[in-house]
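Whatever order the structure lists them in is the order used to number ligands and atoms, beginning at 1. Just so you know, these numbers use all the heavy atoms, side chains as well, and skip hydrogens, waters and symmetry mates. If you read the sequence from its start, that first residue is 1, and numbering goes on from there.
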Amino acid sequence: MTTVPIAIIGTGIAGLSAAQALTKAGLVVHLFDKSRGPGGRAASKRSEVGHLDLGAQYFTARDRRFVAQLQQWQAQGVVAEWSPTLYSANGNALSLSPDEQVRWVGTPRMGAIGRELAKDLQAVYSCRIVEVFRGKQYWHLLDANNQSHGPFSHVVCAVPAPQATALLSAAPKLAAVAAGVKMDPTWAVALAFEQPLATDLQGCFVQGSPLDWLASNRSKPGHDATLDTWVLHASGEWSRQHIDLAREAVVDHLYGAFAEVANCPMPPPVFSLAHRWLYARPAGNHEWGALADADLGLYVCGDWCLSGRVEGAWLSGQEAARKLLEHLD
Ligand code: FAD
Ligand code: NAI
């Protein structure tokens, strides 16, 4: 079996899932990420009011392989069930919307999942890869500081489709598939209130508003926020239309939309922040699992290869690893 390590670009759930599966098979992987830590869109952001989950809010598990992983996380205390009082809103018509769906969150925050997956892996953070190129025999990566990394026997590219396109010039067919995947943006806003808002609303699916989701952090098991913090997500359409709006204006708009939806007294927040996810969700679902040019040794995974969900990302990473291992046999 090869002793030259495998490079994985991206330490989101997909890249970490691939890394776990390859390591389990006895291979050595080196991960790279432009962010300061693991988790990608399922990471948590540290703030003066505690950690905030600005990306993935919760996840569901439908595939039996992911259910098995979830049970392991549950045993490790990394995830817990979240059973919010769920509402749905259409414009400002708010109604209770209970259902039977089991939903999970990372504890004490979503970022715990990425941290658990990354804990025994070798990863370089704050390292943006700008090029994947082939030497005589092996692959090398070039980062934004002009440093090269390698050699690597294979490369797994686990980043959102538009970012993957730029890294796949050595495999034009894979690059063309990635280039055909559109990903929609999401503006996320966090608000903190000194006193708990007078509402029993804990999570709400929204239509007919700039928002499409809002949630109370304190309703989540183990959450560490001291104040009453909320996360609001704008719809893809509103986010696209306001993609370059100043952060303060985004906060004002979405706070206003929250006040209309929540139907309770809404004092001014004592803290707010806005975060723009440029590649938040794939515009549609695909059934690729993962993409591969096995002869070249290049593999591609990410939520956009399946469904734009935590489960889709994890399964895609497993699939990339499976395809790579199959070719080694
Ligand atoms: P990512 O998490 O995007 O990981 C890719 C990683 O690659 C990132 O860490 C990035 O920094 C890194 N990277 C990119 N380019 C480079 C480069 N050139 N060099 C080095 N590193 C690079 N899913 C759910 O199941 N439930 C939800 O409630 C939910 N809500 C969401 C809300 C929002 C606002 C967003 C944005 C997403 C949400 N999702 C939700 C989707 C879920 O977060 C994603 O499907 C999943 O986390 C994607 O994982 P990934 O590994 O495919 O990609
Ligand atoms: P899920 O089964 O809870 O939700 C799927 C969708 O079904 C929801 O978006 C909502 O439209 C609808 N829905 C579910 N329960 C409902 C209820 N009780 N009342 C009214 N509508 C309800 O979770 P799943 O399938 O795991 O999806 C993950 C979630 O992540 C979705 O809500 C999705 O919108 C969100 N997401 C958000 C992204 C963003 O950028 N804002 C990116 C990726 C996912």
Side-chain angles (χ1 to χ4, degrees), residues 7-19 31-43 53-62 66 82 84-90 95-105 110 113-114 117-118 123-132 141-144 157-167 183-189 203-207 211-213 215 231-236 238-239 275-283 285 290 300-317 320:
I8 301 184
I9 310 170
T11 61
I13 301 298
L16 292 171
S17 164
L31 292 122
F32 298 86
D33 203 295
K34 66 183 174 61
S35 299
R36 276 182 293 172
R41 280 170 277 157
D53 292 340
L54 296 170
Q57 297 292 291
Y58 64 86
F59 62 95
T60 56
R62 293 168 186 151
F66 189 55
W82 181 47
T85 307
L86 267 183
Y87 278 78
S88 68
N90 202 330
S95 52
L96 271 167
S97 193
D99 63 20
E100 300 295 311
Q101 179 67 56
V102 179
R103 295 182 175 83
W104 300 89
V105 292
M110 284 301 275
I113 299 170
L117 287 173
V124 183
Y125 295 105
S126 304
C127 181
R128 179 194 293 270
I129 302 302
V130 293
E131 196 185 337
V132 176
L141 309 181
L142 186 69
D143 71 24
C157 187
V159 305
Q163 292 165 320
T165 308
L167 297 174
M183 293 191 70
D184 288 330
T186 294
W187 269 114
V189 161
C204 183
F205 297 102
V206 188
Q207 288 179 312
L211 295 175
D212 81 357
W213 166 257
V231 170
L232 320 176
H233 284 161
S235 66
W238 191 93
S239 302
H275 181 86
R276 184 178 68 174
W277 297 99
L278 267 185
Y279 307 120
R281 68 168 116 203
N285 288 345
V300 185
C301 58
D303 63 342
W304 54 276
C305 292
L306 279 169
S307 66
R309 298 160 52 241
V310 169
E311 180 178 43
W314 187 87
L315 287 170
S316 178

Engineer: Within a distance of under 4.0 Å, is there any protein heavy atom near atom 30 (O) of ligand 2?
Structural biologist: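 There is no protein heavy atom less than 4.0 Å from atom 30 (O) of ligand 2.
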
Engineer: I need the contact type for Met183 against ligand 2. Using non-hydrogen atoms and a strict under-4.0 Å cut-off, is it side chain, backbone, both or neither?
Structural biologist: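 The answer is neither; Met183 stays 4.0 Å or more away.
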
Engineer: Counting only heavy atoms on the protein side, is anything nearer than 4.0 Å to atom 43 (C) of ligand 2?
Structural biologist: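 For atom 43 (C) of ligand 2 the answer is yes, since some protein heavy atom falls inside 4.0 Å.
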
Engineer: Under 4.5 Å between any side-chain heavy atoms of Val231 and Asp53, yes or no?
Structural biologist: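 No; the side chains remain at least 4.5 Å from each other.
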
Engineer: Measure the distance from atom 45 (O) of ligand 1 to every protein heavy atom, then report the residue, atom name and distance (to 0.1 Å) of the closest one.
Structural biologist: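 Answer for atom 45 (O) of ligand 1: Asp303 OD2, 2.8 Å.
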
Engineer: Side chain or backbone of Cys127 under 4.0 Å from ligand 1, or both, or neither, by non-hydrogen atoms?
Structural biologist: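 The answer is the backbone.
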
Engineer: Of Gly55, Ser35, Ala166, which has the heavy atom at the shortest distance from atom 32 (C) of ligand 1?
Structural biologist: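 Looking at heavy atoms only, the winner is Gly55.
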
Engineer: Going by heavy-atom distance to atom 11 (O) of ligand 2, choose the closest among Trp277, Phe205, Trp213, Trp104.
Structural biologist: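 Nearest option to atom 11 (O) of ligand 2, by heavy atoms: Phe205.
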
Engineer: Should you measure from each heavy atom of Gly308, which atoms of ligand 2 turn up under 4.0 Å away?
Structural biologist: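 By the 4.0 Å cutoff, the relevant atoms are 43 (C), 44 (C).
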
Engineer: Please work out, at 4.0 Å between heavy atoms, whether the side chain, the backbone, both, or neither of Tyr58 comes within that distance of ligand 2.
Structural biologist: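 The answer is the side chain of Tyr58.
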
Engineer: Between Tyr87 and ligand 2, does any nitrogen or oxygen pair lie at a separation below 3.5 Å?
Structural biologist: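 Such a contact does not occur with ligand 2.
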
Engineer: My question is simple, although I want it checked carefully: is atom 36 (N) of ligand 2 less than 4.0 angstrom from any protein heavy atom?
Structural biologist: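 Yes, at least one protein heavy atom sits under 4.0 Å from atom 36 (N) of ligand 2.
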
Engineer: Below 6.0 angstrom between ring centroids: does that apply to Trp104 and Tyr58?
Structural biologist: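 So the answer is no for these two rings.
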
Engineer: Could you check which of Thr60, Asp303, Val310 puts a non-hydrogen atom nearest to atom 26 (O) of ligand 2?
Structural biologist: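 That would be Thr60.
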
Engineer: Just going by heavy-atom distances, which of Arg103, Gln57, Arg41, Arg62 is nearest to atom 25 (O) of ligand 2?
Structural biologist: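 The residue whose heavy atom sits nearest atom 25 (O) of ligand 2 is Arg62.
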
Engineer: With atom 23 (N) of ligand 1 as the reference point, say which of Val310, Asp33, Thr11 has the nearest heavy atom.
Structural biologist: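 Nearest heavy atom to atom 23 (N) of ligand 1 lies in Val310.
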
Engineer: If you count the atoms of ligand 2 from 1 in the order shown, which ones are under 4.0 Å from a heavy atom of Ser97?
Structural biologist: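 Here the atoms of ligand 2 in question are 17 (C), 18 (N), 19 (N), 20 (C).
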
Engineer: Determine whether any protein heavy atom is located less than 4.0 Å from atom 6 (C) of ligand 2.
Structural biologist: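 Given the 4.0 Å cut-off, atom 6 (C) of ligand 2 does not count as touching protein heavy atoms.
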
